[in-house]
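Below: the structure, in structure tokens.
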Amino acid sequence: MNNKLWYKDAVFYQISLRAFKDSNGDGHGDLRGLTEKLDYIQNLDVDCIWIMPIYPSPLRDDGYDIADYYDVSDEYGKLDDLKALVTAAHARDIRIIMDLVLNHTSDQHLWFQKSRADKNSAYRDYYVWSDTDKKYEGVRIIFGDIEKSNWAWDEKTQQYYWHRFFSSQPDLNFDNPVVQDEMLNVVRFWLTLGIDGFRVDAPTYLFEREGTNCESLPETHTYLKRIRHLIDSEFPEAIMLAESNQWPKELSQYFSSGDEFHMAFHFPLMPRIFLSLAQNNPAPIIEILKDTPKIPENCQWAIFLRNHDELSLEMVTDEERELMWREFAPEPQMILNLGIRRRLAPILNNKRSKIELINSLLFTLPGSPIIYYGDEIGMGDNLNLPDRNGVRTPMQWNTSPNAGFTNGTPFTEMVKGDYDFQHVNAETQLANPDSLFHALHRMIHIRKEHHAFGRGTIRFIESNDPGILAYAREYGEEKILVVHNFGDAAKSFILPAEYQGEYINLLSDEMQNIQSLNLNPYSYHWMKLHGK
Ligand code: NOJ
């Protein structure tokens, strides 16, 4: 196996470092805490950890507002702690990627401080300034619940600056070649330190041009390719993963001809997985995947169910959004911007069969899966916390005070009620072979023994019932049949003649000759063709 393509078979695990494990009792998760917990992550059979931003930051956007690209925030430890983490992870064959926030800095970054101090500063041009807020009119406002414009007025120098996110996150000016080079240096710095790549935050918005929606512009792609070129020539096993909330056709441009991003989140697929569950009908999944262009051999989709943001419903129709809000966000406080600020288990009313079904999709649809920390044990959220913080609460390790997360006072209120750490924690689940953790671990383990999941083709199989989703994943000689029942009633699935034959049930290890399958409500079946 070519190691350069490791990400095509990998299972990823996303972590909020602040919320994962505190090693020194200050109430904040830190690098040493994560290092202590690598065994847990290895137990889950994860290949790569994605650590959310750990740079020094005033935390107006939980670290996506960076004040210094060349350090880690004190609360997480020192650069040496990061090096130690990387060494310990690599010793376990686990890679580590970090967030790379290219589009904007914090307004506390020295570059912006200097830029805003004086119109004649050498740093003025690091950001996008304008005399008028009428430029780039009509460009959508992403944090629409809070920001009313993409321009913010600067009193001192009497100009507006451009920001696609919070006004505390001024956009860098990528038309400035010095900025372009600065960010290449940042990339080189972290890869030299041993980091295995980046989840690139908001690469869509690097350039602005009048008369466009200022998204995915050709200039943006040209620059992103420069980063890729640096990576290919100096760090050939490192990867770039694109966070771009776009339709499949625009998204696939981020792969270009295999010389831009290695991976991109399949944003439109994610809400369609939930929509299919809400409608007991998987048609939206089939449609979006049929609409998804083939991507170059060395590229891969990243698929996910939840992450640290709201479950984004930008990519569905108004009607579908209303339906999903009714089904998955029945209380107004569960809604944020155009999405749902809840964790996976509560969204699915903690119904175990649905949680397993949706994870079965995560691990068998084309792409590499990303698990959001805590979802492997069915953690809940805390809606009392503002913005997206309710899904970024401390990892629940055990039943000791503060869930074993810290000996001090946690940086935030923990989850309460049915999902508190007495009810949901890693230690209890590890000890129970029937737990969600073990069910997911089993899926991951099987997935890792079969390249068809990460590399194979997908062919949808017609079924006798619209509530059934059946597909074949094929890679070389390997042929795996995956069947899901999206309904709350039992069904029987009659296999088309060409698919009938002898299978190994990968989840039970039994050999079965199959003409038809009995499907319990919300059940999933992974069958490997053995012979005809
Ligand atoms: C996308 C990140 O996922 C989100 O958390 C952040 O607020 C924005 N980018 C801005 O960096």
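For ligands, and for the atoms within them, numbers begin at 1 and follow the listed sequence. Numbers for residues simply follow the sequence, beginning at 1. Everything quoted here is computed from the prediction, not taken from an experiment.
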Practice task
Output all residues satisfying side chain to side chain donor-acceptor pair (under 3.5 Å) with Q333, sequence neighbours left out; order by chain, then residue number.
Solution key: E331
Problem - Non-neighbouring partners of N173 that pass side chain to side chain contact (heavy atoms under 4.5 Å, CB included), sequence neighbours left out - result: D125, V128, D175, N176
Exercise for the section: Would you please name every residue forming a side chain to side chain contact (heavy atoms under 4.5 Å, CB included) with A117, sequence neighbours left out? Expected result: K156
Problem - Carboxylate-amine/guanidinium proximity below 4.0 Å for D74 and K78 - result: yes
Handout entry: Carboxylate-amine/guanidinium contact R199 D201, below 4.0 Å
Key =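 A salt bridge is present here (some side-chain N lies under 4.0 Å from a carboxylate O).
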Handout entry: side-chain contact (heavy atoms from CB on, under 4.5 Å) between F20 and W397, intermediate numbers included
Key = CA-CA 9 Å; F20 204 61; W397 292 106; 3.6 Å; yes
Fill in the blank from the handout: Expected contact list for ligand 1 at under 4.0 angstrom, heavy-atom basis, is D61, Y64, H104, F143, F165, Q169, R199, D201, E243, H308, D309, R388, R392
